[in-house]
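Proteins come first, then strands; the chains are lettered A, B, ... in the order of their sequence lines, and each starts at number 1. Given the structure is predicted, the values throughout are model-derived calculations rather than measurements.
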Number of protein chains: 2
Amino acid sequence: MHAKTAEFSPELQELAQAAKLLSHPARIAIIKLLAAKKSCISGDIANELPLSRATVCQHLQELKNAGLIKGEISGLNVNYCLNVEKWRSVKAQFEGLFSLTIHEINCNC
Amino acid sequence: MHAKTAEFSPELQELAQAAKLLSHPARIAIIKLLAAKKSCISGDIANELPLSRATVCQHLQELKNAGLIKGEISGLNVNYCLNVEKWRSVKAQFEGLFSLTIHEINCNC
DNA sequence: TTTGTATGTCGTAAACATACGAATTAGCGA
DNA sequence: TCGCTAATTCGTATGTTTACGACATACAAA
């Protein structure tokens with residue numbers, strides 16, 4: 001985070017942070033895969049994406065650090081799944097933004 | 001955009017692009033200001049944010065290039081306002097993502 | 001114990017984002 | 001015209017993200 005980012009309200013910072021998580025197609029793809037339960041094994045996820053294992057792992061860690069997904073070792077594999085609570089909270093934040101009342105009166109554009 | 005980003009589906013790319021727009025608190029703040037019509041003059045927007053005029057202008061251009069806001073010269077000032085059509089389309093894209101059915105069956109996490 | 005497979009971390013290169021002072025453009029009024 | 005003000009663009013410094021090969025770890029089965 002740039003220093004200046006800290007000068008905005010915590011609400012704005014949190015929403016911006018959530019948006020950043022969704023700002024890469026690989027991370028959205030991972031979320032969709034986990035929601036659909038098509039696969040939750042790390043290697044399978046990597047195989048579904050046009051990126052190297054190392055890069056996919058990096059995106060997985062990012063989502064995990066943000067608490068949006070959970071990982072669990074299962075023998076030689078690692079199962080990931082969506083943290084449904086967190087997902088709902090992110091959803092609620094965006095809904096707050098999108099439910100803004102838009103005042104078009106006096107708009108000259 | 002990194003080269004690899006192009007290898008994801010257009011839908012994912014578009015949504016990721018929209019999320020990137022919302023990934024900085026200044027840009028969310030600008031959208032909120034414009035929605036509330038508290039101010040739509042460039043300089044006033046800059047005064048509301050803890051950033052220099054040059055930086056705010058840069059964020060405004062980013063939103064404008066993405067089509068999310070429109071700008072119009074009015075004498076010595078420039079009036080900005082939300083592009084409501086585009087805003088609704090972004091909203092619809094996010095709603096699509098958040099309306100994903102989540103399958104928790106077989107989840108071992 | 002050795003071998004193989006699945007994951008994750010490290011180091012690093014390249015691209016991109018953020019931030020701002022200085023310079024530039026452009027309208028308005030004296 | 002001349003100077004004033006508002007807005008944007010330019011140049012540049014700094015920090016962050018993306019991407020991946022190579023290395024490390026850890027379990028499982030031969």
Side-chain angles (χ1 to χ4, degrees), chain A residues 1-8 12-13 16-30 33-34 39-66 69-81 108-109, chain B residues 1-8 12-13 16-30 33-34 39-66 69-81 108-109:
Chain A
M1 199 210 316
H2 268 85
K4 286 283 177 162
T5 299
E7 298 179 28
F8 290 87
L12 282 184
Q13 287 183 54
Q17 205 59 50
K20 191 172 277 176
L21 280 180
L22 301 178
S23 74
H24 194 290
R27 291 192 292 268
I28 306 180
I30 290 169
L33 280 173
L34 293 184
S39 153
C40 54
I41 298 170
S42 178
D44 292 351
I45 295 169
N47 287 336
E48 298 268 353
L49 305 181
L51 296 171
S52 73
R53 268 185 319 109
T55 304
V56 171
C57 197
Q58 206 171 266
H59 285 300
L60 283 168
Q61 295 316 308
E62 228 172 307
L63 290 169
K64 195 173 158 195
N65 289 340
I69 67 175
K70 292 181 281 187
E72 195 173 74
I73 297 168
S74 161
L76 206 48
N77 298 315
V78 174
N79 287 306
Y80 283 100
C81 57
N108 347 318
C109 305
Chain B
M1 201 213 311
H2 266 85
K4 286 282 177 164
T5 299
E7 297 179 27
F8 290 87
L12 282 184
Q13 287 183 54
Q17 205 58 50
K20 192 171 276 175
L21 281 180
L22 301 178
S23 75
H24 193 290
R27 291 192 292 269
I28 305 179
I30 290 169
L33 281 172
L34 293 183
S39 153
C40 55
I41 298 170
S42 179
D44 292 351
I45 295 169
N47 288 336
E48 299 268 353
L49 305 181
L51 295 171
S52 74
R53 265 183 319 111
T55 304
V56 171
C57 196
Q58 206 171 267
H59 285 300
L60 284 168
Q61 294 317 307
E62 228 172 307
L63 290 169
K64 195 173 157 194
N65 290 340
I69 67 175
K70 290 181 281 187
E72 195 173 74
I73 297 169
S74 161
L76 207 47
N77 297 315
V78 175
N79 287 306
Y80 282 101
C81 59
N108 346 320
C109 306

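As rounded to whole Å, 18 Å separates atom P of C/dA6 from atom CD of A/Q61. In this structure, the CG atom of A/L63 is 14 Å from the C1' atom of D/dT18, given to the nearest Å. When the P atom of D/dG15 is taken as reference, atom NE2 of B/H24 falls 15 Å away, rounded to whole Å. Rounded to an integer number of Å, the gap from CG of B/N79 to P of D/dA6 is 14 Å. Across the protein-nucleic acid pair, A/L49 atom CG and C/dT7 atom C1' stand 16 Å apart, rounded to whole Å. Rounded to whole Å, the distance from CG on A/L60 to C1' on C/dA6 is 13 Å. Rounded to a whole Å, the CD atom of A/E7 is 13 Å from the C1' atom of C/dT18. Separating the NZ atom of A/K64 from the P atom of C/dT9 is a distance of 7 Å, rounded to the nearest angstrom.
Contact annotation for A/K20: backbone-only contact, meaning every heavy-atom pair under 4.0 Å involves sugar-phosphate atoms and none involves a base.
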Nucleotide N/O to protein N/O under 3.5 Å, stretch nucleotides 20-27 of chain C:
unit_1 : atom_1 : unit_2 : atom_2 : d
C/dC20 : OP1    : A/K4   : NZ     : 2.9
C/dC20 : OP2    : B/S52  : N      : 3.0
C/dC20 : OP2    : B/S52  : OG     : 3.4
C/dC20 : OP2    : B/T55  : OG1    : 3.2
C/dC20 : N4     : B/Q58  : OE1    : 3.2

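Between A/G71 and A/Y80, the closest heavy-atom pair is CA-CD2, 3.6 Å. Across all their heavy atoms, B/A29 and A/L12 have their closest contact at CB-CD1, 3.8 Å. Contact detail for B/L51 and B/A26: the closest heavy-atom pair is CD1-CB, 3.7 Å.
Considering only side-chain N and O atoms, A/H59 lies under 4.0 angstrom from the phosphate OP1 or OP2 of D/dA19. Residue B/Y80 has no polar side-chain atom (N or O) positioned under 4.0 Å from OP1 or OP2 of D/dA6.
Where A/S42 and A/H2 each meet DNA chain C at their nearest nucleotide, the meeting point lying more 5' is that of A/S42.
Between the side chain of A/Q13 and the backbone N or O of A/A6, at least one donor-acceptor pair lies under 3.5 Å.
The closest side-chain heavy-atom distance from A/T55 to B/K4 is not below 4.5 Å. In this structure the side chain of A/I45 reaches within 4.5 angstrom of the side chain of A/L34, judged on heavy atoms.
Between A/F8 and B/H24, the two ring planes are perpendicular [angle over 60°; tilted spans 30° to 60°].
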